[in-house]
Peer 1: 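I'd like to ask some things about the structure below.
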Amino acid sequence: LEDASTERERLMGHIQDLTSSLISANQSSSGQNGRNEELRSELDVAVNQISALSREVDDLKLSIENQKSQIEELEESKSQLVAQHENEVSKLRDYVESSRQ
């Protein structure tokens, strides 16, 4: 009976130790879960920022392409105007030359 009582006390102590360890592990796990949630939230914010920046980059690329097209059109118009001007100047020179004679 005395041995059974001693064994019972030893097992109760062991159960208390295990219970304390389990409580401690749960508290640690809860803290880790909270930290994981914080990190997940920070990650979500970062993903949203990256998405916004990607859209901005796409918009800038489109704007650059549009500006390139406008520049090409202006260059073409400039070339046409220069050719037209040179033609007019040539005609005027011819007119002045023929007038001198």
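Worth knowing before you read on, the calculation uses all heavy atoms, side chains too, and leaves out hydrogens, waters and symmetry mates. Numbering starts at 1 and runs along the sequence shown. Bear in mind the structure is a predicted one, so any value in this text is a computation, not a measurement.
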Peer 1: Give a yes or no answer on whether the side chain of S99 reaches the backbone of Y95 with a donor-acceptor pair at less than 3.5 Å.
Peer 2: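 Between the backbone of Y95 and the side chain of S99 there is a qualifying donor-acceptor contact (under 3.5 Å).
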Peer 1: May I ask you to test the D3-E7 pair for a side-chain heavy-atom distance under 4.5 Å?
Peer 2: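 Side-chain contact under 4.5 Å: no.
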Peer 1: Once you round to the nearest 0.5 Å, how far does CD1 of I15 lie from CG of L22?
Peer 2: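 One gets 12.5 Å once the value is rounded to the nearest 0.5 Å.
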Peer 1: Is there a donor-acceptor contact under 3.5 Å from the side chain of S63 to the main chain of D59?
Peer 2: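 No; zero donor-acceptor contacts below 3.5 Å.
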Peer 1: Got a donor-acceptor contact below 3.5 angstrom from the S98 side chain to the D94 backbone?
Peer 2: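 Yes: the side chain of S98 pairs with the backbone of D94.
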Peer 1: For the pair S28 (side chain) and S24 (backbone), establish whether a donor and an acceptor sit closer than 3.5 Å, ignoring hydrogens and angles.
Peer 2: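 Looks like no, no N/O pair under 3.5 Å.
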Peer 1: Could you tell me whether the side chain of S20 and the main chain of Q16 form a donor-acceptor pair under 3.5 Å?
Peer 2: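 Answer holds: yes.
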Peer 1: Rounded to the nearest 0.5 Å, what's the gap from CD on E76 to CG on L81? Could you check?
Peer 2: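 Output value for this atom pair is 11.0 Å.
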Peer 1: Between OG of S29 and CG of N33, what distance do you get to the nearest 0.5 Å?
Peer 2: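 These two atoms lie 4.5 Å from each other.
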Peer 1: Let's go through H14 and L18 carefully: what are the C-alpha distance in whole Å and the side-chain angles of both, what is the deciding distance for side chain to side chain contact (heavy atoms under 4.5 Å, CB included) to 0.1 Å, and is it a yes or a no?
Peer 2: CA-CA 6 Å; H14 189 62; L18 289 174; 3.7 Å; yes
Peer 1: Please round to the nearest 0.5 Å and tell me the distance separating atom CG of N48 and atom CG of D44.
Peer 2: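 Atom-to-atom, N48:CG and D44:CG are 6.5 Å apart.
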Peer 1: How long is the span from the CD atom in Q84 to the OG atom in S77, to the nearest 0.5 Å?
Peer 2: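 One gets 11.0 Å once the value is rounded to the nearest 0.5 Å.
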Peer 1: Does a donor on one side chain sit under 3.5 Å from an acceptor on the other, for N36 and Q32?
Peer 2: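 Judged by distance alone, the side chains do pair up.
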Peer 1: What's the separation between atom CD in E86 and atom CZ in R93, rounded to the nearest 0.5 Å?
Peer 2: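 CZ of R93 is found 9.5 Å from CD of E86.
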